[in-house]
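No hydrogens, no waters, no symmetry mates; every other heavy atom, side chains included, goes into these values. All chains are named by letter (A, B, ...) in the order of the sequence lines, taking the proteins before the strands, and each is independently numbered beginning at 1. From a predicted model like this one, the values you see are computed outputs, not experimental measurements.
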Amino acid sequence: MAVMTYLEAIADGLREAMRADPSVVVLGEDVGVYGGVFKLTKGFLDEFGPARVIDTPISEAAIVGAAVGAALVGLRPVVEMQFADFISNAFTQMVNVAATSAYRAGGCVPMVVRAPCGAGTHGGPFHSQSIEGYFFHTPGLKIVMPSTPADAKGLMLAAIADPNPVLYLEHKALYRSQRGPVEAGLAFEPLGRAALRRAGTHLTVLTYGMMVHRCLEAAERAAAEGIETEVIDLRTLLPLDLETIAESAARTSRVLIVHEDRLRGGLGAEIAAHLGEHLFTSLDAPISRISAPDTPVPYAPPLETAYLPSVDRIFDGIARLARW
Amino acid sequence: MAVMTYLEAIADGLREAMRADPSVVVLGEDVGVYGGVFKLTKGFLDEFGPARVIDTPISEAAIVGAAVGAALVGLRPVVEMQFADFISNAFTQMVNVAATSAYRAGGCVPMVVRAPCGAGTHGGPFHSQSIEGYFFHTPGLKIVMPSTPADAKGLMLAAIADPNPVLYLEHKALYRSQRGPVEAGLAFEPLGRAALRRAGTHLTVLTYGMMVHRCLEAAERAAAEGIETEVIDLRTLLPLDLETIAESAARTSRVLIVHEDRLRGGLGAEIAAHLGEHLFTSLDAPISRISAPDTPVPYAPPLETAYLPSVDRIFDGIARLARW
Amino acid sequence: MTRAPRPPRAKAARTVSSTAPRKSGVVREFAPADLERLYHYMLLQRLAEERVVKLYQTGTIVGACFTGWGHEAVAVGAASTLGPDDVAATLHRDLGARLVLGMPLGYYFANFLGRSGSPTRGREGNLHIGGLGPRILLHTDFIGGNVPIAAGAALGFAVRKEPRVAMAFFGEGTLATGEFHEAANLAAVLRLPLVLVCWNNQFALSTPVAREVLGPLDVRMAGYGMPACSVDGNDVLAVYRAARDAVDRARGGGGPSFIEGRTMRVRGHSEADDAAYVPRALIEEGRRRDPVGRFARHLIESGALRAARLDDLRAQAQAEVDEAQAWAEASPPPDPAELERGVYCEATPWP
Amino acid sequence: MTRAPRPPRAKAARTVSSTAPRKSGVVREFAPADLERLYHYMLLQRLAEERVVKLYQTGTIVGACFTGWGHEAVAVGAASTLGPDDVAATLHRDLGARLVLGMPLGYYFANFLGRSGSPTRGREGNLHIGGLGPRILLHTDFIGGNVPIAAGAALGFAVRKEPRVAMAFFGEGTLATGEFHEAANLAAVLRLPLVLVCWNNQFALSTPVAREVLGPLDVRMAGYGMPACSVDGNDVLAVYRAARDAVDRARGGGGPSFIEGRTMRVRGHSEADDAAYVPRALIEEGRRRDPVGRFARHLIESGALRAARLDDLRAQAQAEVDEAQAWAEASPPPDPAELERGVYCEATPWP
Ligand SMILES: Cc1ncc(C[n+]2csc(CCOP(=O)(O)OP(=O)(O)O)c2C)c(N)n1
Ligand SMILES: Cc1ncc(C[n+]2csc(CCOP(=O)(O)OP(=O)(O)O)c2C)c(N)n1
Ligand SMILES: [Mg+2]
Ligand SMILES: [Mg+2]
């Protein structure tokens with residue numbers, strides 16, 4: 001199996017889909033000639049031509065809206081947001097148009113919106129955000145966020161295959177830092193299934209995105225102190241794999257939720273509320289959450305470092321919970 | 001004390017503020033000549049003139065953005081969204097510009113965005129939404145939602161007085177259905193304080209907006225069966241009055257959260273997660289949530305009725321929890 | 001998703017013998033059957049909306065009630081230039097366009113009445129029907145929001161190199177919106193086969209056009225780099241001619257065009273609005289220029305149709321309205337058990 | 001909020017004796033001190049950005065690095081027409097405008113270096129400084145998003161009937177955005193005292209202007225119902241004259257105006273971009289038309305300034321850059337304990 005970076009794996013999935021089906025097209029700002037600001041679609045214009053790799057003006061609302069229209073007439077558009085942050089300009093088309101199409105009129109909108117997100121690259125408040133918290137509340141959308149190259153490709157293919165609008169979150173800090181084996185061809189990774197990254201008996205850590213790697217590191221440290229941590233990578237954030245989550249939580253009876261997104265109204269809130277209500281009698285400790293603080297993402301390295309949940313903080317959370 | 005409808009009370013608060021300070025202005029679509037689609041600003045144009053009651057083109061993003069700019073040079077703009085649903089067009093200006101101003105640059109943005117929201121008026125998917133779930137996740141914003149005429153006026157005045165951007169949610173179904181005594185003059189109701197609507201010992205119901213009235217009705221029914229329900233009206237949704245909430249929850253040891261907004265990622269999730277973590281040892285039953293389902297708001301009366309949490313559903317939730 | 005049976009389709013008026021007394025240019029330019037078809041759909045919109053207003057006034061219809069009174073020529077004239085594979089994004093004054101594109105009139109009543117027989121299964125209200133199979137694109141209440149969708153459909157045709165055209169309908173106030181702007185600009189830059197049809201009815205709710213956008217609309221839109229024109233929106237043939245040129249240009253790879261149809265909103269914004277803010281003179285003048293009556297007179301004077309034939313057509317349209325309403329009323333209200341169904345589309349295997 | 005002491009202010013070059021050898025129209029139109037001031041700020045932007053590029057290349061500055069190379073004439077020429085109470089919404093190529101409006105150069109370095117001394121206290125990066133007291137409005141990274149804010153400031157002035165003007169700076173790609181459109185249209189309809197200053201540097205990142213918006217920018221903007229013109233954006237005096245007229249008109253109640261300053265982005269979009277997609281010839285031609293060098297030559301040829309004086313000015317500007325950088329480097333990095341402070345403004349009693 002080929003070894004690829006997270007970024008190469010996303011591109012590989014997208015390329016395979018475009019080779020498999022001429023109705024898959026890419027559109028966004030600077031995706032063609034430039035190959036995208038992260039060079040993810042580099043070479044796509046040459047291979048697929050300007051009719052399928054479409055450079056657009058700076059118009060997020062129209063880009064997403066056009067993807068909806070194109071999907072309605074049979075294309076499978078894959079939109080690139082230059083940075084996830086800018087998707088707020090397309091909020092209406094995302095949550096009110098694309099997401100409600102099936103429910104209101106039975107119209108399928110098979111489209112993917114790629115959103116390079118996350119902090120750690122000194123991008124400041126508008127080039128670093130986690131945006132899942134804004135979309136998780138929306139019926140009709142699906143949201144995925146891979147943490148490994150294999151998932152990056154598999155989930156991209158599954159997102160394109162899905163007949164619903166899918167928000168595909170790719171963490172900028174993982175683009176080149178993550179390398180791993182990736183299957184060739186149409187190697188789908190089905191939506192809606194969490195992945196067990198580490199088996200454990202003392203507590204369950206639920207996480208996704210860049211935090212998966214920090215949680216695994218913290219779990220290793222905890223193991224050195226005799227704490228066996230189970231780490232689950234959610235992968236699909238909407239719809240959540242509640243079955244897998246609940247099974248593990250019931251088994252370990254202790255749950256720590258870790259995400260990079262802000263605390264208030266983040267995914268952790270819904271998961272904690274859900275488990276707290278349905279596993280009330282089987283929990284031996286309060287469900288805890290570790291996340292970024294409720295502030296914008298600061299630019300200066302000392303602030304940005306303090307902003308992101310660290311391995312130390314996660315380790316402390318694990319230790320506290322295990323001893324509870 | 002004068003008796004007013006909820007709508008009259010909002011208008012009264014706004015009028016008093018405009019009389020007290022010439023820097024308070026109203027802007028939005030059809031707010032002047034027409035007096036707003038709900039006639040809330042009827043007569044304002046005559047009293048305050050076109051310089052302070054400003055009819056704008058259909059441009060939600062520019063309206064909110066202009067309010068930010070006007071606030072930065074010393075005005076206290078009060079924006080009217082014709083319907084809360086359309087605020088998605090101004091999402092960038094709300095969450096990324098207005099809300100982050102203080103944190104990023106220390107710039108105060110004293111502005112209020114009025115959003116007529118809520119279902120029950122056969123408005124369909126785009127004239128009926130609850131939008132707090134989309135904004136609750138945002139640092140730097142405040143969110144209020146009155147349930148009584150007195151609060152409607154008091155919170156409007158406090159929202160205008162606040163140096164931060166405040167999203168003021170007004171429930172369309174309460175506009176003319178709620179009547180009550182309202183103090184004259186600048187009768188402020190401070191932000192950030194929940195209100196005890198009904199004292200009880202067996203369980204705590206946390207709610208806001210139109211659901212306050214349904215919860216009180218359900219609580220009365222429960223009382224007939226010997227269940228003493230405490231009903232707390234959150235009033236300010238951001239920042240939450242966690243003190244009052246936690247005190248009551250700890251005292252009754254049973255919590256039911258009721259809101260009109262959808263379940264997943266709604267306010268109830270954060271409140272349940274917070275209380276579940278901090279009151280773990282003092283809760284005798286799982287924190288339960290009652291809300292609308294995770295779907296758009298349907299139009300047809302039978303569907304819309306089934307969509308909204310009913311007094312029956314709330315009563316059953318109270319009874320179930322009390323017996324748990 | 002459970003779907004009620006399709007209601008009867010709007011009948012395109014059958015051809016008349018073209019042995020009319022006098023002949024004129026119009027008769028030479030248009031086949032009598034085409035003229036009848038235009039008139040038929042305009043009349044059908046008018047009569048259907050008259051009926052819905054009655055149902056609203058008697059409380060049978062709840063929520064909001066919009067009509068396209070005075071907009072029939074723009075709706076029918078423009079939509080009639082579309083080919084069988086073309087699509088349109090419609091809005092709240094263009095019922096006639098939906099009918100021309102094949103929407104069964106029963107759907108209109110079923111949607112207003114919130115019945116399961118409507119394509120939205122009662123989930124949407126009043127005119128907010130869309131996603132009607134291939135030809136009528138997903139509806140959105142967001143003013144301006146339907147234009148990116150239409151541009152996207154046009155993009156789809158361009159990508160596939162299909163000789164198809166997308167049309168978007170909207171009012172003049174829509175030109176103020178960011179979504180309209182981004183979509184019109186995108187279409188111009190990418191030379192998409194899109195036709196932008198604007199009914200300028202002088203008001204956006206209570207806001208006069210001069211408070212929405214300054215200057216002539218066609219001049220403004222020409223600045224986007226697309227052919228733009230302004231025609232009498234109460235003259236169905238003028239609209240038809242302008243739209244035909246735009247559709248041909250789009251189909252031929254000439255990119256998007258903009259058409260302003262000048263008209264007047266002769267009723268309130270919705271039936272809940274008495275339009276007290278509109279000078280009476282404007283409304284009366286608008287009524288005098290009523291596109292339906294005017295076209296009827298024109299058909300007779302030009303010798304295209306006999307008065308008796310007009311009466312037949314009215315009777316036939318009236319019957320269609322009765323039939324459509326009956327069909328809708330026979331359709332059951334949606335079952336609350338359906339409330340949570342269909343939030344997602346069911347997976348179709350890909351690729 | 002703890003704030004570091006203010007850094008030294010950019011020194012406006014002192015007046016020279018106007019006994020220059022030859023006299024020309026320019027000298028008659030502008031006082032020598034004004035010409036020097038224009039040159040001073042253009043040079044200051046250029047030298048400061050050269051320094052920042054060095055710091056970026058050596059890894060001292062992290063994140064993104066943008067410069068306004070070739071945009072100095074638009075930035076300085078337009079901003080110099082503003083009065084002491086006027087405001088501007090700036091963006092990423094207009095450092096000179098911020099300096100003209102009184103931003104201490106030290107803030108620029110402190111923000112790039114993420115130091116607590118910057119007005120953003122290290123929370124924002126690179127050029128994203130804003131909310132600098134009364135004159136420089138809140139910055140936003142969202143292309144197009146600063147125009148509604150500027151329009152709102154202008155609205156505030158109009159409401160208060162204050163003779164003040166708001167100016168917004170942006171590039172040509174910004175014209176494609178919905179926020180720009182809505183704000184420009186709003187300003188036109190409400191006749192707000194707003195001046196829209198567009199540097200057309202031919203590219204929006206990799207996208208040539210013809211793929212962002214079609215047709216001449218000034219023609220398009222005239223369609224919004226506002227006076228619009230296009231000038232040589234590398235000629236600071238041409239920009240100054242156009243902006244002066246627009247500012248006067250705005251102040252006089254004549255509403256908004258649009259000014260296009262034609263120039264060329266002679267470097268990459270950011271310093272991480274080698275601009276391989278830009279024809280070399282375009283860049284070389286842009287370099288030849290470099291506004292700073294060109295203005296220097298013009299000042300000498302017109303007899304406004306002696307060559308020796310230019311050397312003094314350069315030395316003085318270089319010293320200011322050194323001083324500003326030193327001030328910034330002396331400012332401590334933000335304290336992580338500050339991370340969660342200041343999300344809300346502290347209440348000020350009202351009314
Ligand atoms: C984004 C958005 N803002 C506001 C509204 C409320 N609204 C519905 S129709 C309308 C007026 C539209 O005017 P115009 O485009 O001229 O069409 P007309 O109703 O005059 O036919 C408004 C403001 C809306 N539907 N969408
Ligand atoms: C809403 C939004 N979309 C995309 C971006 C990413 N971006 C930053 S600058 C830029 C190009 C802007 O082009 P132009 O307006 O011509 O200014 P220039 O950079 O050429 O000076 C883009 C696309 C952004 N900042 N905001
Ligand atoms: Mg109109
Ligand atoms: Mg540019």
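When the shell of 6.0 Å around CD of A/Glu243 is examined, it contains 12 or fewer heavy atoms from other residues, nucleotides or ligands. In A/Arg251, the CZ atom is crowded: over 12 heavy atoms of neighbouring residues, nucleotides or ligands sit closer than 6.0 Å.
Most heavy-atom pairs under 4.5 Å with chain A, from the set B/Leu275, B/Leu240, B/Leu238, B/Leu279: that is B/Leu238. Taking B/Gln93, B/Glu270, B/His274 one by one and counting their heavy-atom pairs under 4.5 Å with chain A, the maximum is reached by B/Glu270. The most heavy-atom pairs under 4.5 Å with chain B, out of A/Asp294, A/Leu267, A/Thr138, come from A/Thr138.
Residues A/Ala272 and B/Ala273 approach most closely at CB-CB, 3.7 Å, considering heavy atoms. Minimum interatomic distance between A/Gln129 and B/Asn96 (heavy atoms only, all atoms of both residues): NE2-OD1, 2.9 Å.
For the pair B/Met94 and A/Phe91, the minimum side-chain heavy-atom distance is 4.5 Å or more. Counting heavy atoms from C-beta on, the side chains of A/Thr100 and B/Pro296 come closer than 4.5 Å. Between B/Thr92 and A/Glu60 there is no side-chain heavy-atom pair separated by less than 4.5 Å.
Annotation: the span from B/Phe135 atom CZ to A/Tyr134 atom OH amounts to 8.5 Å, rounded to 0.5 Å. Here A/Ile271 contributes atom CD1 and B/Arg264 contributes atom CZ; the two are 12.0 Å apart, rounded to the nearest 0.5 Å. Taking CZ of B/Arg104 as the reference point, atom OG1 of A/Thr295 lies at 12.5 Å (rounded to 0.5 Å).
B/Thr281 touches chain A through its side chain: at least one heavy atom from C-beta onward sits under 4.5 Å away, while N, CA, C and O do not. Residue A/Ala285 touches chain B through its backbone alone, counting heavy-atom pairs closer than 4.5 Å. In this structure, the portions of A/Phe136 lying under 4.5 Å from any heavy atom of chain B include both its backbone and its side chain.
Inspection of non-hydrogen atoms places B/Asp261, B/Arg262 of residues 253-262 of chain B under 4.5 Å from chain A. Within residues 79-90 of chain A, the residues having any heavy atom closer than 4.5 Å to a heavy atom of chain B are A/Asp85, A/Ser88, A/Asn89, listed by residue number.
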